[in-house]
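Here's the structure we're looking at; comments come further down.
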Amino acid sequence: MYLAIREMRFAKVRYSLIAIIMLLVAFLVLFVTGLARGLAYDNAASIQNMNASHFIMEKDSNHRFTRSQVTEQVLNQAGSVAGHENVQPLGVRMTTMTAEGTAGKLDVTILGMNPEGWLMPKVTEGAAIPSNGSGRVLVDRKLKDSGVIVGTVLLDQASGLKWTVSGFVSHESFSHSPVVILNEQDWQQLQSLAAMRPGTGQSEDGKIYNAVAVQATKHQAEQLAAALPDSEIVTKSDAVSAIPGYKEEQGSLWMMIIFLFIISSFVLAVFFYVVTIQKSSQFGILKAIGTRTAYLVRSVTLQVLLLSVGSLLISMLLVEGMKSVLPDGMPFLLESSTLAYTSGAFIAVSVVGSLLSVWKVTRIDALDAIGRSAA
Amino acid sequence: MRHRLILDNITHTFEDGGMQRTVLDHLNLHVSEGEFVAVMGPSGSGKSTFLSIAGALLKPTSGVVLLDGESLAGKENNALSDMRLHKIGFIFQSANLIPYLKVEEQLMLVAKQGGMKKTKANERIRELLHKLGLEHRRNAYPDKLSGGERQRVAIARALMNDPAVLLADEPTASLDAARGMDVVRMIAREAQERGKSAVMVTHDERVLPLCDRVLYLENGCLIEK
């Protein structure tokens, strides 16, 4: 402690330079992490916001909502295993719409769900939609930028159906497209107009969903898997990663983050290794006059910790500042838990970077101090 | 009279290009309280090895080193570190101060490691710096000190934990004659006043009159001439 702090005080320039490098790397780590989380949330907010633990999908659908089809029968069977209050039907369809009174087309995702069920997000503006009756929908507030307001009529290009916007919900998106929420009745109408898959052998009037959302324990999930041999029980995180584009987007960002971690570890390792080699005669003297190796190791590690924690704290302030000037459309999300994990990882990686120097310090022999003419 | 440093029947050999070399051969040395011994010898005669063994830096092949009556044989590295910290004061060829510590911090570092209370340490630092004429330099960094001042700081550092034994490795090597005499005089006075056993390895014949005994290291043994 005594040595570490006084040395940093003495060699201000040297330690400031390394601190600035660490600061920039830490800033980049936090910023890219925030961007990755922001994009992830922007991509899959609707699914992530759902209070479900698992989704029941058709076998061989590769965990993709849009590929899966499940019948009402599956819904009922799942309900009898996990409890009827713990299952909710969910329809997902990506489509293109036009809004009356505006030019241009909108790429949206239609979610069909029970307005009284626990999948239903909170309405932030306008009125909720009823369970019965038809023609009224909730839309994500992102569509406001395209000129959609309460009362706007939306026309689905594929089916020709028309719905009136009843209210807005916040942060509801699927595969980066804003979400339009239909009640079950409207969903089934849409479903019956769209072509049925041939050869599935399902009756025309049977209700078809894309998935069933379940709140289940691990044990219940196993029971469900046993009871529904033609279906697959998919965890929420698997379902999220299977959303088109999600894995690819996150993969490249995560590669950047991991590389930044490796870089910061190496920068620290090289810096402290060179400094330690420079100081090896000093360390020899200190050992000769009775300083324990553990004390010197603590001293080096403390310097690394001070540098990494200090640069992390400053970079957090910078990221906060950056957040306030980012444009609205730029998805950026850094929850405190992510921040804590990332900071922890950054500090851990820094300490790993100091191990080489620590090893070097333990190898320095106090004997070098005797018979040395110059230090 | 008590002997604070005893080297008893020390032999040290090492492998050198396939040959077994005996550097120290049944070497005996008793240094009593308040005694200041000079050890002379040509290069390669084993002076550094001798000093390393006496200073608990190197374990001899055979034989026992006793510091204040306590044997160093069979001690762990950490225990040896503690012996060096508390029982031995080292003075090296060049001062070998820590470049980023001010004069008083050099001493404080040693005191802290020795577990000395802060107020007591401050008192001792003041006392030592006064004695060695360094009071006005207490807040200077080593690179601002002259060679003689640096060596005096090194002596103060060696004395900080009130060791039983002072070991000096050619302390005058980097100093001119007058400064060298000053430094050796300080070591001699300290040994005498505080009843320490002091051993100095040196080439410098001018400082020999300040020593109580002069020994020559020849063929691995210490002999008086």
Side-chain angles (χ1 to χ4, degrees), chain A residues 1-19 271-272 274-300 302-303 306-307 357-359 361-375, chain B residues 43-44 46-59 76-102 105-114 141-143 150 154 157-158 160-161 163 167-170 173-174 201:
Chain A
M1 193 78 168
Y2 195 78
L3 273 183
I5 289 171
R6 274 163 186 77
E7 184 182 8
M8 292 172 91
R9 183 193 65 189
F10 184 75
K12 283 189 198 76
V13 176
R14 181 187 288 183
Y15 284 94
S16 309
L17 285 174
I18 188 73
F271 175 81
F272 275 93
V274 170
V275 168
T276 304
I277 288 173
Q278 267 188 349
K279 291 193 298 190
S280 56
S281 69
Q282 265 175 47
F283 284 133
I285 298 290
L286 283 168
K287 284 186 178 186
I289 63 173
T291 307
R292 289 183 178 206
T293 303
Y295 183 89
L296 298 176
V297 166
R298 276 205 302 277
S299 179
V300 171
L302 183 74
Q303 286 185 340
L306 280 177
L307 279 179
S357 307
V358 165
W359 173 78
V361 168
T362 60
R363 305 289 301 169
I364 292 169
D365 197 340
L367 259 183
D368 295 348
I370 299 287
R372 179 190 293 276
S373 52
Chain B
S43 304
K47 296 194 301 285
S48 292
T49 310
F50 158 74
L51 207 59
S52 304
I53 289 174
L57 290 169
L58 187 64
K59 288 176 184 162
E76 293 287 317
N77 280 340
N78 275 342
L80 289 177
S81 279
D82 287 347
M83 287 296 273
R84 293 202 293 273
L85 186 63
H86 294 286
K87 295 284 183 204
I88 300 171
F90 272 110
I91 299 153
F92 303 103
Q93 274 184 30
S94 47
N96 279 327
L97 301 173
I98 307 302
Y100 47 83
L101 294 182
K102 295 172 182 170
E105 288 167 349
Q106 307 268 352
L107 306 186
M108 185 54 97
L109 174 70
V110 182
K112 276 177 91 87
Q113 293 188 354
Y141 284 107
D143 59 350
R150 262 181 244 168
R157 180 174 68 180
M160 191 64 203
N161 282 339
L167 298 175
D169 179 23
E170 301 197 36
S174 56
V201 165

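Per chain, numbering begins at 1; letters A, B, ... match sequence-line order.
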For the atom pair [atom1] ([X]) and [atom2] ([Y]), what is the distance rounded to the nearest 0.5 Å?
X        : Y        : atom1 : atom2 : result
B:Leu97  : A:Gln282 : CG    : CD    : 10.0 Å
A:Leu286 : B:Ile98  : CG    : CD1   : 3.5 Å
A:Ile289 : B:Ile91  : CD1   : CD1   : 11.5 Å

Could you tell me which portion of B:Pro163 (side chain, backbone, both or neither) has an atom closer than 4.5 angstrom to a non-hydrogen atom of chain A?
neither

With only heavy atoms counted, which part of B:Val110 is less than 4.5 Å from chain A, the side chain, the backbone, both or neither?
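Side chain only.
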
Is there a side chain to side chain contact (heavy atoms under 4.5 Å, CB included) between A:Ile285 and B:Arg157 once you walk through the steps?
CA-CA 12 Å; A:Ile285 298 290; B:Arg157 180 174 68 180; 3.8 Å; yes

If you count heavy-atom pairs under 4.5 Å between each of B:Asn161, B:Leu109, B:Asn77 and chain A, which one has the most?
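The residue among B:Asn161, B:Leu109, B:Asn77 with the greatest pair count is B:Leu109.
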
What residues of residues 3-11 of chain A sit under 4.5 Å from chain B when only non-hydrogen atoms are counted?
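Interface residues of residues 3-11 of chain A: A:Leu3, A:Arg6, A:Glu7, A:Arg9, A:Phe10.
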
B:Glu76: what forms a side chain to side chain donor-acceptor pair (under 3.5 Å) with it, not counting sequence neighbours?
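B:Glu76 satisfies side chain to side chain donor-acceptor pair (under 3.5 Å) with no residue once adjacent residues are dropped.
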
Are B:Lys112 and A:Tyr295 close enough, and set up right, to give a side chain to side chain contact (heavy atoms under 4.5 Å, CB included), and what steps lead you there?
CA-CA 12 Å; B:Lys112 276 177 91 87; A:Tyr295 183 89; 5.6 Å; no

Can you give me the closest heavy-atom contact between B:Arg84 and A:Gly290, atom names plus distance?
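Closest approach of B:Arg84 to A:Gly290: CB-CA, 3.9 Å.
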
Between A:Ala288 and B:Leu57, what is the shortest heavy-atom contact and its length?
CA-CD2, 3.8 Å

Side chain to side chain contact (heavy atoms under 4.5 Å, CB included) assessment of B:Gln113 paired with A:Tyr2
CA-CA 10 Å; B:Gln113 293 188 354; A:Tyr2 195 78; over 6 Å; no

